[in-house]
Protein chains: 2
Amino acid sequence: MQAKVSGDVKASGQTGVSGNASARILEAARAIATREGVGKITIQAVAREARLSKGGVLYNFPTKQALLCGLMDQMLSEHRKIMTRLPEQHPVRTLRGHLETVLQSQDTCDDLSMAILAAAASDPRLLDPLRADLTGDLERILTDTRDAEAAMIVVLAIQGLRFQRLLDLPDGGADVKKRVIARLRTMIDELE
Amino acid sequence: MQAKVSGDVKASGQTGVSGNASARILEAARAIATREGVGKITIQAVAREARLSKGGVLYNFPTKQALLCGLMDQMLSEHRKIMTRLPEQHPVRTLRGHLETVLQSQDTCDDLSMAILAAAASDPRLLDPLRADLTGDLERILTDTRDAEAAMIVVLAIQGLRFQRLLDLPDGGADVKKRVIARLRTMIDELE
DNA sequence: GGATTTAAACCGACCGGACGGTACAGTTGT
DNA sequence: ACAACTGTACCGTCCGGTCGGTTTAAATCC
């Protein structure tokens, strides 16, 4: 009698399988979070935004935690999808993938990073899948290069870029930003 | 009949004036946020944590928004205090100040940055004072140096460091982190 | 091939509880 | 005594979650 999304914290990656309702619900949640703050994500509000009833939302995500978990899943799978789309043999491709992920999310203004805030606000343990992913990526990055400190600084700058965008913090203007991104790219290329 | 903290969004910087109750309340809020997530900051929970009654909390902060605003105020004033404590004539002292602020917050584990998350979760507009401060700092930093891109990357890395610490994301280990911080310091020094 | 069954998808009234906030009666320091 | 402060009972609202019912469409039966 229960539906396609497990709702468990250790759910697997596939969220958009049915293509319609779940995806629309998650999109609605992100829209609300971006517009009014992650604290305003309520089941009723999400239902209204997705043109669904409260029951409809709870059918697809049996609990609110399941919904937030789905949000995190969606973000991580989107992240992985962008990563695998890159040229396979690039030396520090993991690092470049992170940068592209952030840039794409800032181009489309479709802010998946909002999931991080929502998760952190409701239950820090929801960040565990993200931590696991990031640990693996970081390990790969730090062994891919000999200048681990420079690589780490690039990683940190990329994360800073993500949160700066997410919280709408000042970025020094469009031209500076553009040149910073270019510089980050050359820094990545120089890392071997 | 109303008390010492205005609770208005544009409240001034001084939060710890009475030295006891307000500060203890804010500390309690931060403790809860760090332990259970910013979503768990409720007036009752804060009162319990601060060994106070709910009325006592609401006496010091007439609304919850005032409390969150106080949290943000405390963070910003702490930030400014650290900044002014630095050697006045350092060329890029604003940048160095930002780094030291983050490092201090990570040493004392007394995580003022939690205020950012709490504010973003409840009402994005609460971040406005932070945005104002940051805009000024950024302007100063970018005019202090000729290599604006490098300076910006350092700023981003510092912000990344803050959120990495805040969300307990992987940091590559203590030794890497230590070397990264050293490298950031030399990068700042080389900025003129 | 029309009637019946089954199950997925969804609806919306409802419940218990927690939340933010108010009112007011203490209590304490001076 | 008086102001500063604290404790607590309480109110209206909203939230997460349950549950019985409705729709839709495919499967099954005869």
Side-chain angles (χ1 to χ4, degrees), chain A residues 1-9 14-29 32-33 36-71 118-119 121-123 125-126, chain B residues 1-9 14-29 32-33 36-71 118-119 121-123 125-126:
Chain A
M1 215 189 270
Q2 215 57 269
K4 67 190 97 96
V5 173
S6 81
D8 202 287
V9 178
Q14 293 291 64
T15 40
V17 274
S18 84
N20 219 340
S22 296
R24 228 174 61 230
I25 290 170
L26 293 178
E27 190 184 341
I32 292 170
E36 311 172 45
V38 291
K40 299 294 175 59
I41 297 182
T42 70
I43 295 181
Q44 271 169 338
V46 171
R48 208 181 310 125
E49 181 88 15
R51 294 165 195 269
L52 229 64
S53 75
K54 195 172 156 184
V57 172
L58 282 164
Y59 177 79
N60 289 274
F61 299 95
T63 68
K64 188 182 179 180
Q65 222 193 23
L67 198 158
L68 295 176
C69 187
L71 223 48
S122 122
D123 183 356
R125 275 180 299 173
L126 285 172
Chain B
M1 213 192 270
Q2 217 55 272
K4 68 193 94 101
V5 172
S6 81
D8 201 287
V9 178
Q14 294 290 66
T15 40
V17 274
S18 84
N20 219 340
S22 296
R24 227 173 61 231
I25 290 170
L26 293 177
E27 189 184 343
I32 291 171
E36 310 172 45
V38 291
K40 299 295 175 59
I41 297 183
T42 71
I43 296 181
Q44 273 169 337
V46 170
R48 208 181 311 127
E49 181 87 16
R51 293 166 195 270
L52 230 64
S53 74
K54 194 175 154 181
V57 172
L58 282 165
Y59 179 79
N60 289 274
F61 299 96
T63 68
K64 188 182 179 180
Q65 223 193 22
L67 198 158
L68 294 176
C69 187
L71 223 48
S122 122
D123 183 357
R125 275 180 300 174
L126 285 171

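Within every chain, numbering begins at 1; the chains are lettered A, B, ... in the order of the sequence lines, protein sequences first and strands thereafter.
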Value in whole Å for how far the [atom2] atom of [N] lies from [atom1] of [X]:
| X | N | atom1 | atom2 | value |
| --- | --- | --- | --- | --- |
| Leu52(A) | dA8(C) | CG | C1' | 14 Å |
| Leu58(B) | dG7(D) | CG | P | 12 Å |
| Leu67(A) | dG17(D) | CG | P | 10 Å |
| Leu68(A) | dC15(D) | CG | C1' | 14 Å |
| Asn60(A) | dG17(D) | CG | C1' | 15 Å |
| Phe61(B) | dC5(D) | CZ | P | 13 Å |
| Tyr59(B) | dT22(C) | OH | P | 15 Å |
| Arg48(A) | dC14(D) | CZ | P | 10 Å |

Heavy-atom closest pair, residues [X] and [Y]:
| X | Y | answer |
| --- | --- | --- |
| Arg24(A) | Arg51(A) | NH2-O, 3.8 Å |
| Val38(B) | Ala118(B) | CG1-N, 3.6 Å |
| Ala28(A) | Glu49(A) | CB-CG, 3.4 Å |

Distance-only donor-acceptor test, Lys64(A) side-chain atoms vs dG17(D) base atoms, 3.5 Å: no
dG16(D) base to Lys54(A) side chain: any donor-acceptor pair below 3.5 Å? yes
Using a cut-off of strictly less than 4.0 Å between a heavy atom of the residue and any atom of DNA chain D, enumerate the qualifying residues of residues 36-45 of chain A by number. Ile41(A), Thr42(A), Ile43(A), Gln44(A)
Quick one: pull up [atom1] in [X] and [atom2] in [Y] and give me the separation to the nearest 0.5 Å.
| X | Y | atom1 | atom2 | answer |
| --- | --- | --- | --- | --- |
| Leu71(B) | Leu126(B) | CG | CG | 10.0 Å |
| Arg48(B) | Thr42(B) | CZ | OG1 | 6.5 Å |
| Asp123(A) | Glu36(B) | CG | CD | 9.5 Å |
| Leu26(A) | Leu67(A) | CG | CG | 6.0 Å |

Counting heavy atoms from C-beta on, name the nucleotide in dT6(D), dC11(C), dT22(C) closest to the side chain of Ser53(A). dC11(C)
Given 3.5 Å as the limit, does a donor-acceptor pair link the side chain of Lys64(A) with the main chain of Ile41(A), or not? yes
For Phe61(A) and Ile43(A), what are the C-alpha separation, side-chain angles and deciding distance, and is it a side-chain contact (heavy atoms from CB on, under 4.5 Å)? CA-CA 10 Å; Phe61(A) 299 95; Ile43(A) 295 181; over 6 Å; no
Just the dot-bracket of DNA chain D, please: which string comes out with Watson-Crick or G-U pairs under 3.5 Å, [ ] for crossing, | for another strand? ||||||||||||||||||||||||||||||
